[in-house]
**Student:** 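Before we start, here is the structure in question, set down as structure tokens.
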There are 2 protein chains.
Amino acid sequence: MTYIVLEWGDDTDGTAMATRDGKGADLRRSLTLLWEGGARGQRGPRPRLTVERIAHAAVEIADADGLEALSMQRIAAELGYSTMSIYNHIPSKDLLLEVVADVAAGRPPELGGETDFREAVRRWAGALWAGFQARPWLLRVPLDHAPVGPNQLAWLDRLLQPLLAAGLVGGEARAAALHLTAVVRGTAQISADMSTARGTDGEFPRDGVELARALAEVVDPDGYPALAAVHAAEIAGDDLGHRRPDGVLPAELSFGVDRFLDGVESWTAARTSRDG
Amino acid sequence: MTYIVLEWGDDTDGTAMATRDGKGADLRRSLTLLWEGGARGQRGPRPRLTVERIAHAAVEIADADGLEALSMQRIAAELGYSTMSIYNHIPSKDLLLEVVADVAAGRPPELGGETDFREAVRRWAGALWAGFQARPWLLRVPLDHAPVGPNQLAWLDRLLQPLLAAGLVGGEARAAALHLTAVVRGTAQISADMSTARGTDGEFPRDGVELARALAEVVDPDGYPALAAVHAAEIAGDDLGHRRPDGVLPAELSFGVDRFLDGVESWTAARTSRDG
DNA sequence: CTAAAACTATGTACGTCATACGTTTATTAT
DNA sequence: ATAATAAACGTATGACGTACATAGTTTTAG
């Protein structure tokens, strides 16, 4: 897997690429950067720096010190080059981050032997979850568009397989894949620090319990009746909150994913019985 | 709804608040900042700046020029104060962003008259989706922990109501709410620029079609069999891809949400028939 | 074999950012 | 009146992304 910049032009056009939040989410631009072109330049010195080396250094930095420590200067220093040399290989930090995110994602899990589509999906989600646990900084890489990197696409492809096998047709499978990706990402994002944080009074923080307690100190429960009810159940210790992870999926993910898969299953079942 | 800083201390403790990605996701700290305390300082000049004024100015800036234009200097300039005056009211930009996100979220939709829990959830999701369309920069505000702001909690509470009404118990309802929030957020994030971007060859970009085409130019389909199959269906124009939004929910969200609600429904149905 | 073309790397410089710190100014409790 | 206290300001610092001009190196055309 090599990442080579084919060309990225002069941006002289610059008309419409400021999309309200700037940072030009130019798909074509990302694609040319992310995909290998093999053939390298013809004349001139053989490049000693490459996009790949840069990206790997960046991943190491982020792994070690988090995303906010990932600066162009730091990368250059780590590799023993001047800051500006980086820009001979990458047009901007935004695009670098795209490459870095793809490299850091790594290859998707092997689900080969799995015949039960539900179990395959659950294992896929578990692997993604584990990935976010291992590299929490990935959750903070700004998302500009649908995945286009080789690894990101591989993850997507792996998920689509069991979904198609389950009987979903093209657009449905895509929607389901997006759905599942979003759920894992979102859940990881929200429970990221809750799992690592220790309770302020030394107590062990189990899922939402700590949060519920903290909120209870400050928030008027009358304004949030449903929330108060849920919190009460949670503090009392209901069936879901304290359940241990059942295999690869953490409890807070498991329920939602399973309900979704239930829905998918009955959807495809209904179609088969409908169409014959 | 007023936001008042009660106190934010000296951070002399500073032991454990560097959570690998820094930016101290200190829950207590956020809570004291986000929730109104009423009683203002006793001595000294009456503050002319307030957290509220600052937050509202910030929202205006982000609305106008995107999140990357939102700097402390810009806020101060907009309000006619010196940059550092802001720090008399907000301890850091990170915390400011939390307040800003809550203010920008606004009040949740009224679902009062809705008896069908599915329709209530769908309307809630549609409203959240619309919110992200109106303020795409909200998707880029870094998420540090579960929602704790008054508006964010109000949104959560509104969603929990129909979920509890549907028969989910405490922890399940919480998981389902997290699930739905994540799905809307994630879908909005990924289809954000796809909906606003024009096709590069002047053609209208319909959902994933443009992306599928662009990828097809570069990616070897053999490496991604399932993906290629889905893309082929999408370009050909399958049942889902070109469907118009059915009401408040866009097509790419609708399928996933509906399957999830199917699953929830059969889950609670199974419980009632089980427990009597 | 040479010379120029093509490309890589570097150094300097600029504008912007968040924010630490010390000073001044306005207000209120005594 | 006066002391206490908080609010606002000015200045300064170090880090950031990156524009731009320059210097250096290697391949290929003649």
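First the proteins, then the strands, lettered A, B, ... as listed; each starts at 1. Please read these numbers as outputs of a predicted model, since none were measured by experiment.
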**Student:** D:dT18 P sits how many Å from A:Asp94 CG, rounded?
**Tutor:** 7 Å
**Student:** When you check every protein heavy atom under 4.0 Å of nucleotides 10-15 of chain D, what one-letter string (B, S, -) results, 5' to 3'?
**Tutor:** BB----
**Student:** Give the rounded distance in Å between these two atoms: CD1 of B:Ile75 and C1' of C:dA18.
**Tutor:**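 One finds 12 Å between C1' of C:dA18 and CD1 of B:Ile75, rounded.
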**Student:** Roughly how many Å is it from CG in B:Leu79 to P in D:dA7, rounded to a whole number?
**Tutor:** 16 Å
**Student:** Are the side chains of B:Val100 and B:Val141 in touch, meaning some heavy atoms are under 4.5 Å apart?
**Tutor:** no
**Student:** Rounded to the nearest Å, what distance is computed from the CG atom of residue A:Asn88 to the P atom of nucleotide D:dG24?
**Tutor:** 16 Å
**Student:** Could you tell me the separation between the CD1 atom of A:Ile54 and the P atom of D:dG17, rounded to a whole number of Å?
**Tutor:** 13 Å
**Student:** Could you check whether any side-chain N or O of B:Arg158 sits under 3.5 Å from a backbone N or O of B:Pro109, counting only pairs where one atom can act as donor and the other as acceptor?
**Tutor:** yes
**Student:** Between B:Leu96 and B:Leu70, is there a side-chain heavy-atom distance shorter than 4.5 Å?
**Tutor:**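 No - every pair of side-chain heavy atoms lies 4.5 Å or more apart.
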**Student:** Give a yes or no on whether the backbone of B:Trp124 and the side-chain of B:Trp155 come within a donor-acceptor separation of less than 3.5 Å.
**Tutor:**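 No.
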**Student:** So do A:Ile190 and A:Glu252 actually touch side chain to side chain, heavy atoms under 4.5 Å?
**Tutor:**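 SC-SC contact between A:Glu252 and A:Ile190 ruled out.
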**Student:** With a 4.5 Å heavy-atom cut-off, do B:Tyr81 and B:Ile86 have their side chains touching?
**Tutor:**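 B:Tyr81 vs B:Ile86: side chains apart.
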**Student:** Name the closest nucleotide to the A:Leu49 side chain, picking from D:dA8, D:dG17, C:dA9.
**Tutor:** C:dA9
**Student:** Going by salt bridge (Lys or Arg N to Asp or Glu O under 4.0 Å), name the residues that satisfy it together with A:Arg135, two or more places apart in sequence or in a different chain.
**Tutor:**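 Once residues adjacent in sequence are excluded, the partners of A:Arg135 under the salt bridge (Lys or Arg N to Asp or Glu O under 4.0 Å) criterion are A:Asp63.
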**Student:** Whole-Å distance between D:dC16 C1' and B:Glu68 CD?
**Tutor:** 15 Å
**Student:** Given that B:Thr83 and A:Ile86 both sit by DNA chain C, which one's nearest nucleotide is further toward the 5' end?
**Tutor:**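 Result of the comparison: A:Ile86.
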**Student:** Could you tell me the separation between the OH atom of A:Tyr81 and the P atom of D:dT25, rounded to a whole number of Å?
**Tutor:** 13 Å
**Student:** Round to a whole Å and report the spacing from CZ of B:Arg48 to C1' of C:dA26.
**Tutor:** 8 Å
**Student:** Any side-chain N or O of B:His89 less than 4.0 Å from the OP1 or OP2 oxygen of D:dA8?
**Tutor:** yes
